[in-house]
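Accompanying notes for the structure given below.
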Amino acid sequence: MLTHPHLDELRAYAAEELDAAVRRRTTEHVLACTECRDTLQWLADVRAAARAELPAPPPDTWARIAVRVAADEVVLLPLPEDAIGGDAQAAGTGAGTRGYEDGALRGDGTAGYGRGAQAPSSLLRGWRVAAVAVLIAGGAAAAAPDGWLRSMVTAVLGSSAGDGDAPLPVGAAGSEPVAAAPTAVALLVEPADGSVRISLQRPHAAVRVHVRLVDDTDLHVEALAGAAAATFRTSPGRLDIVGGDSGVVLLTIPTSLGRARVDVDGRTLLLKERGEIRILAPSADTVGSEFVLPVRPSGTPPR
Amino acid sequence: MPRTATLHVLPELLEQARNGSTDALGELYRRHAQVVHAVAWRLLESRHDAEDVLQDVFVGLPRALRSYREQDRFEAWLKRLAVRMALARLRTRRRKREDSLEVAADASVHAAHAVPHPVDRIAAQRAIARLPEPLRSVFILREVEGYSHGEIAELLSITAGSSATRLSRAWTMLRGERD
């Protein structure tokens, strides 16, 4: 009875990964076996289908990139040599996810941020607990959330640090000096009666508020770079962000949220009521799928 | 009147982009956007998400170039950044979907993943797209992008053995009921 090589062996044969002896034996078999020749052809066809050329990016993509670059938007890419990034990101994701889901609070930050860079919104979600560690280790009392939120920070850190299977990336952060102040803070704001109000008070004139509408259930707030040095005060359905330096405040607002309002020093920038969004900032812009709202009209001198 | 053209030598181009030249960044985009876009699209199975990754990679490139070492092949370095960005996005998705290998393994007994023979290219691509994400990522990184199991292990924070196992399971699922 003819014994066919395993699919893995045929795949390795096609990819020329077999050593000489096994390859010779497989060749002899394939020459005599129509079924295995068919399988080799199938392997090649599937591989070719997987490698088929894809359409080019949309023609306006570069223009969108240029707008973001001109706006001095900073995106930190996950460089392999980062102390916490890339490779360690998966571990950070695991710990952070649990912390976030259990504790309804998240903070983001890495040793890389401590070098003065801003955090990329698209990468933040994996590094939640790390930032909590930075926030606490930095001893930045000004930035620490007040009230129940402060205790939640401690609770999240404590519970995650105890996870044996998902190492908290504090060790990696510890390989470099931890910045005195956090460079990224992320929070989850729970609505009260389906409503959330976020109020920025005395923000730095260069702060930009990015708003992203998502099909999610929670309202997330991420304060990046100097904006993370603000004081965060919470009460049900409300978050006050007081002071801080130049940076970005990213609001991820669920489309399902009944009402959301973003004010700056009593002036409303954005109002969401059910399916309707009203942007009241005088010089709002869009970057990709985000609204970008300056906290000061253009021409206002910075503090 | 003779026309002149500027021939950008890559190291100079990279230095200019690193220093904030939008023209240099645009030239890098012209040369390498397709590679970044394609790898992101294949991993994310979403044109929209691939464009987001493409944008983020090039917005973040000037800063990232500070860490680029000239001895690295630029396009390979850039592609790896795109892979990492796409994988980070996949992890975010995964948290929501609770995609599990066990569920995927159960699904493999059904004909839904079977690729008809002779191979219909569209059907094959759909079957690849339907692979569970942990298997599909390895399949794409290995069979399309040509990464070694060691490199995939590093990118996905798994072992090289797990990478090989996932590749085997991916092919087995694609083969479906053909046997």
Side-chain angles (χ1 to χ4, degrees), chain A residues 4 6-8 10-11 15 35 38-39 41-58 61-62 64-66 68-70 73-82 85-91 93-94 97 100-101 117-118 120-123 125-126 216 287-289, chain B residues 20 22 25-26 29-30 33-34 36-38 41-42 47 50-64 67 80-81 84-85 87-89 91-92 95-96 115 117-119 121-125 127-128 139-140 143-144 154-158 164 167-168 171-172 174-175 178-179:
Chain A
H4 300 288
H6 190 272
L7 180 61
D8 286 339
L10 286 174
R11 187 205 59 75
E35 188 176 337
D38 283 351
T39 300
Q41 184 60 51
W42 172 81
L43 285 162
D45 289 346
V46 172
R47 208 176 261 135
R51 293 173 180 173
E53 193 168 340
L54 294 169
T61 305
W62 167 248
R64 293 171 185 273
I65 291 168
R68 292 175 64 181
V69 171
E73 183 172 335
V74 178
V75 172
L76 269 193
L77 300 180
L79 298 166
E81 57 269 39
D82 278 352
D87 306 343
Q89 195 172 341
T93 299
T97 301
Y100 169 60
E101 290 171 351
Q118 287 181 313
S121 60
S122 53
L123 293 180
R125 289 162 184 79
D216 204 338
V287 174
S289 56
Chain B
T22 307
L25 188 64
Y29 177 86
R30 192 185 65 74
Q34 176 70 33
V36 171
H37 188 245
W41 189 339
R42 288 192 172 103
R47 186 174 192 164
E51 191 193 344
D52 282 352
V53 167
L54 176 61
Q55 284 195 34
D56 282 351
V57 164
F58 278 90
V59 171
L61 188 56
R63 180 179 291 269
S67 302
R80 193 173 286 246
L81 289 183
R84 289 175 183 277
M85 292 287 278
L87 292 175
R89 196 170 277 251
R91 279 191 279 267
T92 303
R95 287 203 300 270
K96 295 181 178 176
V115 178
H117 184 73
V119 170
R121 177 167 287 196
I122 300 298
Q125 289 168 341
I128 293 165
F139 181 89
I140 296 295
E143 299 293 1
V144 181
E154 184 258 343
L155 285 164
L156 295 175
S157 296
I158 59 177
L167 181 67
S168 174
W171 275 112
T172 302
L174 290 172
R175 190 175 184 176
R178 183 168 173 265
D179 287 342

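Proteins get letters first, then strands, A, B, ... in listed order; numbering begins at 1 in each.
Rounded to the nearest 0.5 Å, atoms CD1 (A:Ile65) and OG1 (B:Thr22) are 11.5 Å apart. Note that the CZ atom of A:Arg64 and the CG atom of B:Asp52 stand 9.5 Å from one another [nearest 0.5 Å].
For B:Ala38, the side chain to side chain contact (heavy atoms under 4.5 Å, CB included) partners two or more places apart in sequence, or in a different chain, are A:Leu54, B:Gln34, B:Arg42. Residues satisfying the ring pair (Phe, Tyr, Trp, His ring centres under 6.0 Å) criterion with B:Trp171, sequence neighbours excluded, are A:Trp42, B:Phe139.
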For the pair A:Thr39 and B:Arg175, evaluate side chain to side chain contact (heavy atoms under 4.5 Å, CB included) and give the outcome as yes or no after the intermediate values.
-> CA-CA 9 Å; A:Thr39 300; B:Arg175 190 175 184 176; 3.8 Å; yes
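Between chain A and the options B:Ile122, B:Ile140, B:Leu167, heavy-atom pairs under 4.5 Å are most frequent for B:Leu167.
Across every non-hydrogen atom of A:Pro57 and B:Tyr29, the tightest pair is CB-OH, 3.8 Å. Closest heavy-atom contact between B:Leu54 and A:Thr61: CD2-CG2, 3.7 Å. Here the closest heavy-atom approach between residue B:Glu51 and residue A:Pro58 is recorded as OE1-CG, 3.6 Å. B:Gln125 and A:Ala49 make their closest contact through NE2-O, 2.9 Å (heavy atoms, listed as atom of the first residue, atom of the second, distance).
Within the 4.5 Å cutoff, no side-chain heavy atoms of A:Val75 are placed close to those of B:Gln55.
Only the side chain of A:Arg11 comes within contact range of chain B, judged by heavy atoms closer than 4.5 Å. For chain B, no part of A:Ala70 is nearby; none of its heavy atoms comes within less than 4.5 Å. Looking at A:Ala15, there are no atoms closer than 4.5 Å to chain B (heavy atoms on both sides), in backbone or side chain. Heavy atoms of B:Arg47 lying under 4.5 Å from chain A belong exclusively to its side chain.
In this structure a side-chain-to-backbone donor-acceptor pair under 3.5 Å is missing from B:Glu143 to A:Arg47. Side chain of B:Arg63 to backbone of A:Leu77: no donor-acceptor contact under 3.5 angstrom is found.
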